[in-house]
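Presented below is the structure to which this report refers.
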Amino acid sequence: MSRVLVITASLRAKSNSDRLAEELIRGAAAAGHEVESISLKGKEIKFCIGCLACQKTQKCVLKDDAAEIAEKVKNADTLVFVTPIYYYEMSGQMKTLLDRLNPLFPSDYKFRRIYMLSVAAEDEPYVPEKAVSGLQGWVDCFEKAELVDTLFCGGISDAGEAEQHRAKLKEAYEFGKRLA
């Protein structure tokens, strides 16, 4: 089975995306995957300064938590990004992390399969489109990887509200079971 790395990008207490990620992780573990989860809560992740030194050294010149996360991303078989949708886009924390994963571009990264779970107050099908497009743009830079599937859980807003959405929790669990 795969080594799955789940990265949760919400900074909110009682995060709905974190709760749905828990179910996704349970599903992935039930399917036999080795699963590790990283929350961006409490992590220091500076903005990329665009120096591109990392393209030669495969190391970032900035010293923060991004280097440790990048190493875990590099060695995972499967990546799952979990984000709340803010203004029809992925969270700023997630975008900042994706930018800081630039040292992986010239590396011998192992990940091949990428998934995304997103959560928003609105429930229309178009709500996650820009977030998915943003992640697809990142994936497109890694020739050996592909964005395999996404799950959008809309209609969940208030902190802790996901607990009341049993069908969506089950959907997240089943999504986790389907990870490759």
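All values below were derived from every heavy atom in this structure, side-chain atoms included, with hydrogens, water molecules and symmetry-related copies excluded.
The only option from Thr83, Leu97, Val132 that meets the side-chain contact (heavy atoms from CB on, under 4.5 Å) definition with Met90 turns out to be Thr83.
Glu68 has its side chain out of reach of Ile38: every pair of non-hydrogen atoms, C-beta onward, lies at least 4.5 Å apart. Here the side chains of Val127 and Asp123 are not in contact, with every heavy-atom distance at 4.5 Å or above. Looking at heavy atoms from C-beta onward, Lys95 lies out of side-chain contact with Glu89 at the 4.5 angstrom threshold.
In Tyr126, the OH atom is crowded: over 12 heavy atoms of neighbouring residues, nucleotides or ligands sit closer than 6.0 Å.
In terms of modelled atom types and a separation under 3.5 Å, the side chain of Asp64 and the main chain of Lys46 share a donor-acceptor contact. Here the side chain of Glu161 pairs no donor or acceptor atom with the backbone of Ile156 at under 3.5 angstrom. Side-chain atoms of Ser107 come within 3.5 Å of backbone N or O of Leu104 as a donor-acceptor pair. The closest donor-acceptor contact from the side chain of Tyr115 to the backbone of Ala180 lies under 3.5 Å. Side-chain atoms of Asp77 come within 3.5 Å of backbone N or O of Arg3 as a donor-acceptor pair.
Taking the six-membered ring for Trp and thresholds of 30 and 60 degrees, Phe105 and Phe142 have ring planes more than 60 degrees apart, a perpendicular arrangement.
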Requested in this report: Let me see the working for Arg26 and Glu22 under salt bridge (Lys or Arg N to Asp or Glu O under 4.0 Å), right down to the final yes or no.
Outcome: CA-CA 6 Å; Arg26 273 189 349 99; Glu22 289 173 10; over 6 Å; no
If you look only at distance, which donor and acceptor atoms sit under 3.5 Å apart when one is on a side chain in residues 51-60 and the other is two or more places apart or in another chain?
| from | atom 1 | to | atom 2 | distance (Å) |
| --- | --- | --- | --- | --- |
| Gln55 | NE2 | Asn102 | O | 2.9 |
| Thr57 | OG1 | Ala53 | O | 3.2 |
| Thr57 | OG1 | Lys59 | N | 3.1 |
| Thr57 | OG1 | Lys59 | O | 3.0 |
| Gln58 | NE2 | Pro106 | O | 3.3 |

